[in-house]
Amino acid sequence: MGLFDNIAGAVLGKLGGEQGSMVQIAMDLFHDNGGLSGILEKFKENGMAAEVASWVGKGGNLPLSAAQVASVLGDGEIAQMAAKFNISPEALSSKIAEYLPMVVDKLTPDGVVKEGSGNLLPTLLGLLK
């Protein structure tokens with residue numbers, strides 16, 4: 001475990017509850033799928049290029065449904081993450097659908113995905129304020 005992981009773990013431990021769990025879920029989701037670029041590419045490959053473009057772009061964000069999240073990430077990955085945080089797969093898909101467009105939007109304020117634009121922890125903590 002690296003220094004960043006230790007710091008992130010300490011911050012998440014202080015948050016506790018649902019907020020801490022949601023931040024950890026987002027961190028795991030991005031980590032397991034190749035960061036911001038990887039997660040966006042996965043959604044594009046599954047027919048959601050317009051949605052991804054709206055989240056990255058400067059205009060409004062197109063919505064994302066729980067069913068779309070489950071379709072892109074797969075039932076197995078969703079079930080595994082849900083079990084880790086003791087929530088139902090449906091609830092997890094719903095939360096990812098709710099927050100992913102906002103997180104991507106905040107990570108790409110200039111309307112483009114830049115190298116190293118995955119400064120996820122401060123962005124997530126800002127959304128929880």
Side-chain angles (χ1 to χ4, degrees):
M1 185 180 274
L3 177 62
F4 177 76
D5 293 329
N6 288 334
I7 294 168
V11 170
L12 296 176
K14 290 182 192 277
L15 275 178
E18 183 178 345
Q19 287 184 332
S21 293
M22 291 315 301
V23 171
Q24 186 62 56
I25 287 168
M27 303 267 303
D28 289 353
L29 179 66
F30 276 69
H31 179 266
D32 294 346
N33 288 284
L36 177 61
S37 296
I39 197 79
L40 294 179
E41 191 58 36
K42 195 166 196 171
F43 276 84
K44 285 181 197 175
E45 289 171 355
N46 283 277
M48 300 192 61
E51 288 84 348
V52 168
S54 77
W55 307 337
V56 172
K58 292 187 176 186
N61 294 330
L62 291 175
L64 180 63
S65 73
Q68 289 170 313
V69 169
S71 173
V72 170
L73 298 179
D75 292 333
E77 183 173 348
I78 294 289
Q80 190 175 29
M81 288 178 69
K84 180 177 176 182
F85 294 99
N86 199 29
I87 60 175
S88 74
E90 296 79 17
L92 177 61
S93 294
S94 232
K95 289 293 185 183
I96 292 171
E98 179 182 351
Y99 288 107
L100 184 61
M102 288 186 291
V103 169
V104 172
D105 187 58
K106 297 291 185 192
L107 289 172
T108 56
D110 298 324
V112 294
V113 178
K114 296 179 182 175
E115 186 67 33
S117 59
N119 197 1
L120 190 58
L121 188 58
T123 299
L124 292 171
L125 294 174
L127 288 173
L128 293 173
K129 288 182 181 176

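Quick note: numbers below take in every heavy atom, side chains included, and nothing from hydrogens, waters or symmetry partners.
The distance from atom OG of Ser93 to atom CG of Leu64, rounded to the nearest 0.5 Å, is 9.5 Å. Remark: Leu92 CG to Leu73 CG distance equals 8.5 Å, nearest 0.5 Å. Note that CE of Met102 and CG of Leu107 are 12.0 Å apart. Values are rounded to the nearest 0.5 Å.
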Name each donor-acceptor pair under 3.5 Å that joins a side chain in residues 77-90 to protein atoms two or more places apart or in another chain, with its distance.
residue, atom, partner, partner atom, Å
Glu77, OE2, Asn33, ND2, 3.1
Lys84, NZ, Asp28, OD2, 2.6
Ser88, OG, Ala91, N, 3.0

Could you pull out all donor-acceptor pairs under 3.5 Å where a side-chain atom in residues 51-61 meets a protein atom, sequence neighbours excluded?
residue, atom, partner, partner atom, Å
Ser54, OG, Glu51, O, 2.7
Ser54, OG, Leu62, N, 2.8
Trp55, NE1, Glu51, O, 3.3
Trp55, NE1, Leu62, O, 2.9

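The closest side-chain heavy-atom distance from Leu100 to Val69 is not below 4.5 Å. No side-chain heavy atom of Glu45 sits less than 4.5 Å from a side-chain heavy atom of Val72. Side-chain contact check for Phe43 versus Val104: every heavy-atom pair is 4.5 Å or farther apart.
Counting all heavy atoms, side chain and backbone alike, Ala97 lies closest to Ala66 at CB-N, 3.7 Å.
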